[in-house]
Amino acid sequence: MTLQHQVVHEANNLVARSTPKEFFQNQPEESFCKDLAQYKELHKQSIENPEKFFGDFANQLLDWDKPFVKAKNGHLRSGDASWFLGGKLNASFNCVDRHAFNTPDKVAIIYEADEETESPVKLTYADLLSEVSKVAAILSDWGVKKGDRVAIYLPMIPAAIIAILAVVRLGAVHSIVFAGFSAASLRDRIVDCDAKVIITSDEGKRASKVIHSKKIVDTAIDGLSVVEKVLVFQRTAASNIPMKFGRDFWWHEEAKKFSGYFPPTSVDSEDPLFLLYTSGSTGSPKGVVHSTAGYLLGAALTTRYVFDIHQQDILFTAGDVGWITGHTYACYGPLLLGCATIIFESTPTYPDIGRYWRIVQRHKATHFYVAPTALRLIKQLGESAIAKYDISSLRTLGSVGEPIAPELWQWYDEKIGQGRCHIADTYWQTESGCHLIAPLAGAVPTKPGSATVPFFGIDAAIIDPVSGKELKGNDVAGVLAIKNSWPSMARSVFRNHDRYIDTYLKPYPGYYFTGDGAGRDNDGYYWIRGRVDDVVNVSGHRLSTAEIEAALLEHSGVSEAAVVGIHDDLTGQAVVAFVGLKEGYLVSRIKESESKGDHITLTQLRQELRIKIRAEIGPFAAPKTVIVVPDLPKTRSGKIMRRILRKIISNEADQIGDTSTLSNPSAVEKIITSVDEQFFNFKK
Ligand code: WTA
């Protein structure tokens with residue numbers, strides 16, 4: 001029995017828990033979905049008649065400059081599904097203007113700065129419209145127009161939201177690069193999408209540490225002719241920021257030149273709204289392309305139904321805008337619904353472990369959304385801090401980005417939710433745009449550790465990876481796929497539609513393949529087990545082992561590299577890298593260092609390799625450890641057997657099984673010795 005099967009069997013004994021009565025008592029209005037029966041009915045309609053279902057919601061939740069003619073076109077199988085053809089709209093208008101006209105004084109953004117003393121800063125919808133108009137005017141003046149790509153490399157500050165909305169106001173396409181990425185990663189992404197403008201800040205601040213955003217941008221675009229202009233937001237007002245004449249401009253100085261309303265540009269439903277690079281199992285990161293209308297509808301609909309968000313609510317999404325969670329649930333979702341979104345620049349532990357709860361208390365946040373990693377950290381360090389704060393405003397607690405263990409789910413429910421909240425374990429991906437599987441607050445009973453049931457329009461399937469056949473009925477386990485297109489699904493990989501087809505649509509023809517293993521229990525609830533490809537999930541960050549290996553191979557001493565993900569109590573998974581060195585490399589490095597009066601050790605070299613990854617990709621991708629081995633286990637065709645490495649590093653070398661098919665079976669013993677010396681001994 002596989003782990004997936006085991007989990008599903010155990011799950012069959014669990015009784016789903018209904019939403020606590022306090023949840024309903026704290027609601028400003030009735031839930032959007034009332035109960036499980038209504039969910040089932042709506043889900044059925046969404047699958048049987050998606051055109052009517054999503055067509056009606058698109059008219060209800062979005063404002064159109066020109067109505068669409070047909071809600072759904074094309075097919076999943078052929079990779080040409082499209083939604084709301086003939087319609088025209090603008091994302092910035094939908095997120096800002098319509099609320100600024102109706103409820104100008106309503107708070108849109110609450111900014112919690114890195115230093116608590118600088119907080120909070122609030123922007124109303126009227127303020128937001130004025131700020132967005134100014135930046136749109138600057139960009140337009142620089143010649144940015146519909147379809148152009150603009151890269152955004154900013155910390156989690158209101159300027160990031162303003163930048164997003166200014167770009168899409170012109171019908172241009174944003175490509176946000178998480179501010180933790182290195183100059184090299186930023187450069188790759190800028191080159192791939194030909195961004196002609198970059199929006200960044202002088203610096204950033206995280207837990208009082210300074211991030212040199214502008215310097216990183218300078219390094220990234222050095223010698224790149226495609227980048228014409230850089231707009232620099234003054235975050236720290238540091239005095240030593242070099243500005244290149246004719247290329248770099250201060251946001252605050254340019255903004256002074258413009259005032260008043262800058263009109264939005266109407267775009268077609270299927271025009272791209274943004275690109276977001278994400279890691280896959282092979283090759284360079286993929287620029288996932290999202291459409292305008294379909295994505296916006298998915299963002300609005302899930303924010304409303306999964307979280308049960310009403311206009312008075314205040315959503316605190318603690319993820320960064322550099323990842324999809326920040327795009328959909330810190331920016332687009334809440335703003336489309338005219339709510340307030342909390343933009344949090346710092347970390348859960350700065351200045352102390354009570355930070356999240358002070359924010360909730362101060363702003364009476366109703367919704368809190370975070371990755372399990374942060375919860376594990378709080379559980380370990382700061383449980384006692386929770387009781388000091390009044391967090392009774394909370395109604396829905398969300399979890400995202402990685403599986404949440406049942407124990408942690410229960411802890412979240414008891415300690416943070418205090419038994420009063422709906423716990424929403426939301427399963428989705430950069431490519432899905434919005435939640436795929438999640439319990440609708442106030443309607444769908446929950447089971448600790450299960451993301452529960454598919455969202456509207458998602459016809460989920462479990463496929464047997466061996467036969468490639470769909471497993472019908474309940475109590476089944478395999479890989480997770482989706483049988484139909486849904487409005488917010490990614491439309492393509494930027495300039496590489498073949499890669500889109502190959503990655504998502506080819507593995508199981510007729511289905512969208514998620515890359516995750518999952519099971520469905522007797523109640524039809526889904527249990528996500530994590531990636532079945534070479535993607536590792538560290539603290540909810542999606543990392544490609546292939547990309548880390550490529551970074552290691554760039555080191556002059558490395559001849560081969562294999563990266564695996566292992567369980568980690570704090571970060572969920574951790575990266576471990578195995579490297580083989582070029583013959584004689586270590587000896588010559590030692591000689592070289594000795595001639596300089598130094599003596600490089602193996603430990604130092606391993607650290608150097610970790611630093612290499614930090615520099616090439618970003619600090620969040622640095623492996624937990626790098627282990628130097630004499631040889632890597634390979635099949636006769638030369639494929640590295642990562643499974644064996646995973647067993648050894650997980651202290652399960654006794655379960656490796658038959659190694660006779662390897663071209664170099666003797667490598668295994670040597671790796672066990674290296675791991676003992678460099679990892680286990682070190683840990684002891
Ligand atoms: C994983 C993040 C279990 C999954 C929104 C997916 C999850 C990948 C969950 C996408 C969850 C996300 N339970 N696993 N609730 N949510 N994942 O693109 O492996 O950064 O394929 O999007 O995260 O990561 P991405």
Side-chain angles (χ1 to χ4, degrees), residues 3-4 7 176 178 180-181 274-281 285-290 295 298-299 302-303 306-307 317-330 332-333 369-375 397-406 408-409 412 423-439 446-455 458 460 479-482 488-490 493 503-504 507 512-519 525-545 547 565 571-573 620-621:
L3 180 67
Q4 261 113 285
V7 170
I176 307 184
F178 172 57
F181 272 113
F274 66 82
L275 309 180
L276 182 56
Y277 285 84
T278 191
S279 298
S281 41
K286 299 184 280 265
V288 168
V289 182
H290 276 290
Y295 170 85
T302 48
T303 307
V306 173
F307 291 145
T317 293
D320 194 279
V321 76
W323 307 108
I324 192 69
T325 301
H327 281 64
T328 309
Y329 299 105
Y332 286 109
Y369 194 31
V370 76
T373 287
L375 300 176
L397 302 177
S399 170
V400 59
E402 41 174 333
I404 178 165
L408 190 64
W409 192 107
Y412 199 19
I423 309 293
D425 173 12
T426 61
Y427 166 78
W428 59 296
Q429 312 179 303
T430 303
E431 296 86 342
S432 69
C434 66
H435 302 148
L436 285 172
I437 300 184
T446 47
K447 294 185 188 185
S450 168
T452 75
V453 293
F455 189 68
I458 304 299
V479 294
L480 182 67
I482 295 160
S488 72
M489 83 181 288
V493 169
T503 313
Y504 308 110
Y512 165 90
F513 176 47
T514 61
D516 284 297
Y525 275 41
Y526 286 81
W527 296 76
I528 311 295
R529 305 310 309 157
R531 305 290 303 193
V532 293
D533 53 11
D534 292 326
V535 170
V536 184
N537 194 325
V538 180
S539 302
H541 296 153
R542 184 166 154 183
L543 302 173
S544 141
T545 53
E547 215 180 324
T571 56
Q573 279 191 300
F620 62 94

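Atom set for the values below is all heavy atoms of this structure, side chains included, hydrogens, waters and symmetry mates excluded. We count ligands from 1, going down the list as the structure has it; atoms in each ligand are counted the same way. Quantities reported herein were computed from a predicted structural model and do not represent experimental measurements.
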Identity and distance of the protein heavy atom lying nearest [atom]:
{"atom": "atom 21 (O) of ligand 1", "answer": "Asp516 OD2, 2.5 Å"}
{"atom": "atom 9 (C) of ligand 1", "answer": "Glu402 N, 3.6 Å"}
{"atom": "atom 24 (O) of ligand 1", "answer": "Arg542 CD, 3.5 Å"}
{"atom": "atom 23 (O) of ligand 1", "answer": "Gly401 O, 3.3 Å"}
{"atom": "atom 25 (P) of ligand 1", "answer": "Thr430 OG1, 3.5 Å"}
{"atom": "atom 3 (C) of ligand 1", "answer": "Pro403 N, 3.2 Å"}

Per-atom contacts, ligand 1 versus [X] - under 4.0 Å to a heavy atom:
{"X": "Asp425", "answer": "11 (C), 15 (N)"}
{"X": "Asn537", "answer": "1 (C), 23 (O)"}
{"X": "Ile528", "answer": "3 (C), 14 (N)"}

Practice item. Assess the pair Tyr526 and Tyr427: is the distance between their ring centroids shorter than 6.0 Å? Key: no
Review point. Will you find, in the side chains of Ser432 and Tyr512, an N or O donor that is under 3.5 Å from an N or O acceptor?
Key: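 Side-chain D/A pair, Ser432 to Tyr512: absent.
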Check your understanding: Can you tell which of Tyr329, Trp428, Tyr427 gets a heavy atom nearest to atom 10 (C) of ligand 1?
Key ->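 Among Tyr329, Trp428, Tyr427, the closest heavy atom to atom 10 (C) of ligand 1 belongs to Trp428.
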Point to revise | Test side chain to side chain donor-acceptor pair (under 3.5 Å) applied to Tyr295 and Thr328, step by step | key: CA-CA 9 Å; Tyr295 170 85; Thr328 309; 2.7 Å; yes
